[in-house]
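Encoded as structure tokens, the structure appears first; notes follow it.
Not measured: the values here are computed from a predicted model. Throughout, residue positions are numbered sequentially from 1 according to the sequence presented.
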Amino acid sequence: MENLTLTKAWDKTFPKSDKVNHKKVTFQNRFGITLAADLYMPKGAKGKLPAIAVSGPFGAVKEQCSGLYAQTMAERGFLTIAFDPSFTGESGGQPRYVASPDINTEDFQAAVDYLTSLDNVAPEKIGIIGICGWGGMALNAAAIDTRIKATVASTMYDMSRVNAYGYFDSTDVNARYELKKALNEQRTKDFKNGEFELGGGVAEVVPDDAPFYVKDYHDYYKTKRGYHKRSLNSNGGWNKTSALSFINTKSLSFINEIRNAVLIIHGEKAHSCYFSKDAYASMIKNNKFKANKELLIIPNAVHTDLYDKLDIIPFNKMTSFFENTFNK
């Protein structure tokens with residue numbers, strides 16, 4: 001495995017809980033990339049525990065939202081890991097800051113591999129939580145990995161759809177062609193320069209007339225609330241050409257074949273809510289196993305409310321969802 005440099009300091013955007021034990025762990029995916037994760041375990045826990053792997057949002061790191069979700073669920077009795085995706089954060093992989101619907105779906109499956117290897121995990125009681133763009137990755141993983149008994153997608157993005165069609169499906173075929181031309185010109189430039197140019201993270205300054213979702217992201221990633229030095233969104237952003245693989249891949253094509261339990265959660269006022277509504281409709285269409293699928297809309301919540309607002313994120317619902325599924 002790659003030799004990763006893992007910080008020993010608690011550098012999360014949330015306080016450390018006195019109800020759980022925490023340690024850093026690493027594991028490898030089937031592409032040979034070593035992933036870094038934080039493992040959270042309830043203090044005093046005995047026997048084989050139900051386990052949950054968490055990742056997201058897209059462009060975030062495990063010290064942000066996913067770590068908060070993982071630690072909170074560990075307080076509720078689950079062994080959890082929050083991991084950095086390939087090429088980002090403390091995880092390995094070159095070049096840096098690349099995203100891929102295939103590799104990132106595999107990251108979730110590699111997390112399941114790791115959890116199944118632990119002596120104190122019940123392998124028949126493993127679930128995943130994906131946040132934002134990783135909500136889509138979680139659904140994609142659930143469609144291929146039957147070991148995932150329960151899946152939560154929170155404030156979900158369909159990254160293939162938003163890259164190919166733009167926000168609110170506003171990109172037509174001609175605009176998409178121009179986008180592909182620009183991205184491939186960037187590939188030529190990157191190859192000649194011997195490095196990959198970054199696309200820039202969330203804007204430092206947001207004009208008054210900017211769309212609300214731009215302000216929403218700024219309020220999280222660029223402020224004390226959620227800023228982290230390793231977060232792509234808080235800093236230089238993704239490799240510019242990362243969008244190419246998403247444009248050419250419909251990653252949620254087989255979610256109506258998911259037999260195990262799924263809970264999709266979204267804020268009513270989120271600009272992104274249509275992703276969850278449409279994914280849920282696709283998931284239950286012609287699916288004989290729709291009784292264990294649920295779409296939960298949180299009244300008045302916006303997209304980033306489900307990143308870190310403990311009074312809005314429905315942890316009680318998620319806890320009962322995992323417990324009821326695992327105990328059947």
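Counting heavy atoms of neighbouring residues, nucleotides and ligands inside a 6.0 Å radius, atom OH of Y97 does not exceed 12 of them.
Of the charged side-chain nitrogens involved, none lies within less than 4.0 Å of a carboxylate oxygen, so that K229 and E63 do not count as a salt-bridged pair. Comment: K19 does not engage E75 in a salt bridge, judged by the lack of any side-chain N to carboxylate O separation of less than 4.0 angstrom. Using a 4.0 Å cut-off between charged side-chain N and carboxylate O, D11 and R230 make a salt bridge. A salt bridge links R147 to D113: one of the charged nitrogens lies within less than 4.0 Å of a carboxylate oxygen. A salt bridge between K309 and D311 is absent, with no side-chain N of the basic residue lying under 4.0 Å from a carboxylate O of the acidic one. Residues R187 and E197 are not paired through a salt bridge, judged by the lack of any N-O separation under 4.0 Å between the basic side chain and the carboxylate.
Checking side-chain atoms of Q64 against main-chain N and O of V61 turns up a donor-acceptor pair under 3.5 Å.
Remark: the N233 side chain and the S231 side chain contain no N/O donor-acceptor pair separated by less than 3.5 Å. With 3.5 Å as the limit, one finds a donor-acceptor pair spanning the side chains of D145 and Q109. In the model, H228 has no side-chain atom that pairs as donor or acceptor with a side-chain atom of T13 under 3.5 Å. Looking only at atom types and distance, the side chain of N193 has no donor-acceptor partner in the side chain of D190 under 3.5 Å away.
Results of the side chain to side chain donor-acceptor pair (under 3.5 Å) test with D38 over K62, K23, H22 single out H22 as the only residue that passes.
Below 30°, between 30° and 60°, or above 60°: for W10 and F14 the angle between ring planes is above 60°, a perpendicular geometry. Ring-plane geometry between F83 and F27 is classed as perpendicular, the angle between the planes exceeding 60 degrees on a 0 to 90 degree scale with a lower cut at 30.
Here Y213 pairs with Y167, H271 under the ring pair (Phe, Tyr, Trp, His ring centres under 6.0 Å) rule; sequence neighbours left out.
Taking the side chain as every heavy atom from C-beta outward, T80 and L39 never approach each other to under 4.5 Å.
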